[in-house]
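Since the structure comes first, as structure tokens, the remarks are kept for the end.
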Amino acid sequence: MLLGLKAATYRIGTTVLLDQVDFSIEERERVALVGRNGTGKSTLFRILTGETTPEDGLVIKQDGLRMTCLEQAVPQEHNETIFDVVAQGFGALGKHISISRTLGPLDHDSLNPEQAKILEDAQHELGEHHGWHLESEVDQILSRMKLPPDLPFAKLSGGMKRKVMLAKAMVSNPDVLLLDEPTNHLDIPSIELLEEQVRQFKGAVIFVSHDRSFMRKLATRVCDLDRGMLKSWSGGYEGYLKGKAEFLHAQEKAHALFDKKLAEEEVWIRRGIEARRTRNEGRVRALMEMRKQFSDRRNVVGTAKVQVQEAERSGKLVAELTDISKQLGDLPILRNFTNTIMRGEKIGFLGPNGIGKTTALKVLLGQLPPDSGHVKLGTKLEIAYFDQLRSQFNEEDTAVEIIGAGKEFITIDGQAKHVIGYLQDFLFTPDRARQPVRSLSGGERARLILAQLFSTPSNVMVLDEPTNDLDIETLELLEEKLMAYQGTLILVSHDREFLNQIVTRCLVFEGDGVVGDYVGGYDDWLRQRTTDPWANVGKERIETQSQPALNTAAATVTPVAEPAKKAKKLGYKEQRELEMLPALIEKLETEQTELVAKIGDPGFYQQEASVITAAQARMAAVESELQTAYARWEELDA
């Protein structure tokens, strides 16, 4: 066991987040941690990393265990380059790696005394800690994750920043990698790249996610944190779904038998004189214990009761777009785009972050004028719009004020319903419903927008990334209601499973203003496409600086141009070796990928010990051969 908990207990006030929880993770396991919002998943992470101490129980770690964590929040204040941020994954040595990279290649005689002293100190520290190879480790992970090393971190998009922070967490090759909601706000190309990196990662992984497709592809085991209890299900995500359903069914039957027995005992004790005459003190004590068990029982948290109000049917035509062009600055969003949306269609908008999906939505809805072309909207349209930026709320208003607009009752499907009761359908307690919006979590804000959205009748619904911050149960219920919705639905989402379940047609933003039209959901688009249209889109439009920025310790250094060095001419054998190395590296990387998939399979560790040992030994040998091949290729190529 690498890492684990033994009988860990943790409370916040009267809420029990962890109740005598046991947990362990072995080498190369990929464990998904699931549970409703607010059940304590992030708290469990903090206990594992040592940031928080459990009230009772033990945290068990293997001696010398190296562990890193990718947190939900992305730091905003970073003046360094991408290389510098990722190098910080090596701790205090990161600063010295950056300095050595910038000043090390320069002619020592051209450095001023201050520069020379900074470089000397950095090289001394790297030598003391055997860190000369660390710069190439940073370069390799940046190459694998397609991250340009010299771009300033502060100017990157949110999705790119998360990729950089993931590289920082992985660069030191920790024994255990913890990922807290790693797919949040990432687009599909970034999620797929993340999946590939995690799949190839050689250590153990624990991740929190509500992305079902992500879990299906990566999880070898799923742990469910529910009402303070942690249950483990083998067999990946599908094994979890089956096991959880069987567990809840068995629990429901056990509770029913318990409740029946308790009711019988309550009838007996209330017989009064007859019960006292029997003097059966043991039976009385047993009843007292049953009452305590019943009061301690934590029943299943309710599921949000989403009701979609539908307005009178719109006209058959919802929108007709003819030769639409739209450009923002130098970014073409739509180029001569023509399409027709009919009543009842469920359309998905697909594309990387920053490609213009939200702008295209606003053009379609008439909120932004096109640069050229014509938009014709249908008749009797009642449009409900879910804003991905959650920007339509006054932060000081309460949920009650937002939904009720000063009234105690609202009309839902022709019937009056109290505002508090309606918000309880969306899992707001009366206390939370009266709290200002600024105090609500991301999941609560998303549920509040859904509550507002569905309180108004509509026949056209536009949802711009509605799945962010929603737990799996709420997602599945929302899917069910949207599939039954009789109006027209336009959905922007990076949740591949959500798209597959709901949409009947995909408009795919392929870059340079081109939008492809495909029948079916996300997987259907994958089957229909002939090339990957996203291979070269979504690149950062940032002017690279002429020199990489040094961190604070080297901020005063002014790099001096390096004089050109005459390259050594390769001999025939060396030239031949250089030409053959890329094929060798590709072959080794392919074998490595196959071994990672083989070892990551849930059934791998059920084989004979000799088979497991041989595969692990070959994995170590391939890694060593790859490092040697990379080093030799860099030497000859230089």
Side-chain angles (χ1 to χ4, degrees), residues 1-4 24-32 62-68 89-90 130 132-134 136-146 166-167 169-179 192-207 214-221 234-236 239 576-637:
M1 180 177 70
L2 293 174
L3 176 68
S24 65
I25 186 167
E26 305 291 342
E27 291 182 0
R28 295 192 178 278
E29 270 198 300
R30 296 194 296 266
V31 178
Q62 192 177 83
D63 289 342
L65 183 76
R66 292 175 297 115
M67 181 167 40
T68 59
F90 289 110
H130 309 288
W132 291 111
H133 67 289
L134 299 183
S136 65
E137 295 284 338
V138 178
D139 286 330
Q140 285 181 30
I141 197 166
L142 291 177
S143 176
R144 290 204 310 271
M145 298 190 71
K146 303 175 183 176
L166 176 66
M170 295 177 68
V171 70
S172 62
N173 291 315
D175 301 306
V176 180
L177 176 65
L178 293 92
L179 307 174
E192 291 175 341
L193 178 61
L194 170 62
E195 287 172 349
E196 185 63 24
Q197 294 302 315
V198 174
R199 192 180 291 113
Q200 293 182 7
F201 180 64
K202 304 173 186 64
V205 182
I206 311 171
F207 63 92
F214 187 78
M215 285 190 281
R216 278 194 170 93
K217 292 185 177 182
L218 293 179
T220 58
R221 179 159 61 96
S234 59
R576 181 66 176 156
E577 184 183 2
L578 178 60
E579 291 171 356
M580 296 176 66
L581 274 171
L584 174 62
I585 290 171
E586 183 178 357
K587 179 183 176 182
L588 289 171
E589 286 179 337
T590 300
E591 184 180 0
Q592 184 185 49
T593 301
E594 292 170 353
L595 284 168
V596 168
K598 180 180 177 181
I599 293 173
D601 187 89
F604 174 77
Y605 291 97
Q606 298 173 7
Q607 303 176 87
E608 294 182 3
S610 59
V611 176
I612 296 172
T613 303
Q616 291 176 335
R618 181 54 190 160
M619 171 65 83
V622 168
E623 291 170 5
S624 176
E625 291 172 24
L626 259 177
Q627 288 182 0
T628 303
Y630 273 126
R632 182 59 174 160
W633 180 80
E634 290 176 359
E635 178 185 351
L636 294 176
D637 190 56

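Side-chain atoms are counted along with the backbone in the values below, which use heavy atoms only and exclude waters and symmetry mates. No experiment lies behind these values; they were computed from the predicted model shown. Position 1 is the first residue of the sequence; numbering continues from there.
Salt bridge Glu625/Arg618: present, at least one basic N to carboxylate O contact under 4.0 Å.
Side-chain atoms of Leu177 and Phe207, non-hydrogen and from C-beta on, never get closer than 4.5 Å to each other.
To the nearest 0.5 Å, atoms CZ (Arg221) and OG (Ser234) are separated by 8.5 Å.
When every heavy atom of Arg144 is checked against every heavy atom of Leu193, the shortest pair comes out as O-CD1, 4.0 Å. Across Leu65 and Leu2, no two heavy atoms sit closer than the pair CD2-O, 3.7 Å. Pro174 and Thr68 get closest at one heavy-atom pair: CG-OG1, 3.3 Å. Residues Val171 and Gly89 come closest through the heavy atom pair CG1-CA, 3.9 Å.
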Ile25 and Val205: CA distance, side-chain angles, deciding distance, side chain to side chain contact (heavy atoms under 4.5 Å, CB included) verdict: CA-CA 9 Å; Ile25 186 167; Val205 182; over 6 Å; no
Side chain to side chain contact (heavy atoms under 4.5 Å, CB included) between Asp175 and Gln62, intermediate numbers included: CA-CA 10 Å; Asp175 301 306; Gln62 192 177 83; 5.7 Å; no
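At distances below 3.5 Å, at least one donor-acceptor pair connects side-chain atoms of Arg30 with backbone N or O atoms of Leu218. A donor-acceptor distance shorter than 3.5 angstrom exists from the side chain of Arg28 to the backbone of Lys202, with no hydrogens or angles considered. Proximity of a side-chain donor or acceptor of Glu29 to a complementary backbone N or O of Ala204 within less than 3.5 Å is not detected. Put simply, the side chain of Arg66 never gets that close to the backbone of Val176: no donor and acceptor are under 3.5 Å apart. When atom types are taken as modelled, the side chain of Gln197 and the backbone of Leu194 share no donor-acceptor pair closer than 3.5 angstrom.
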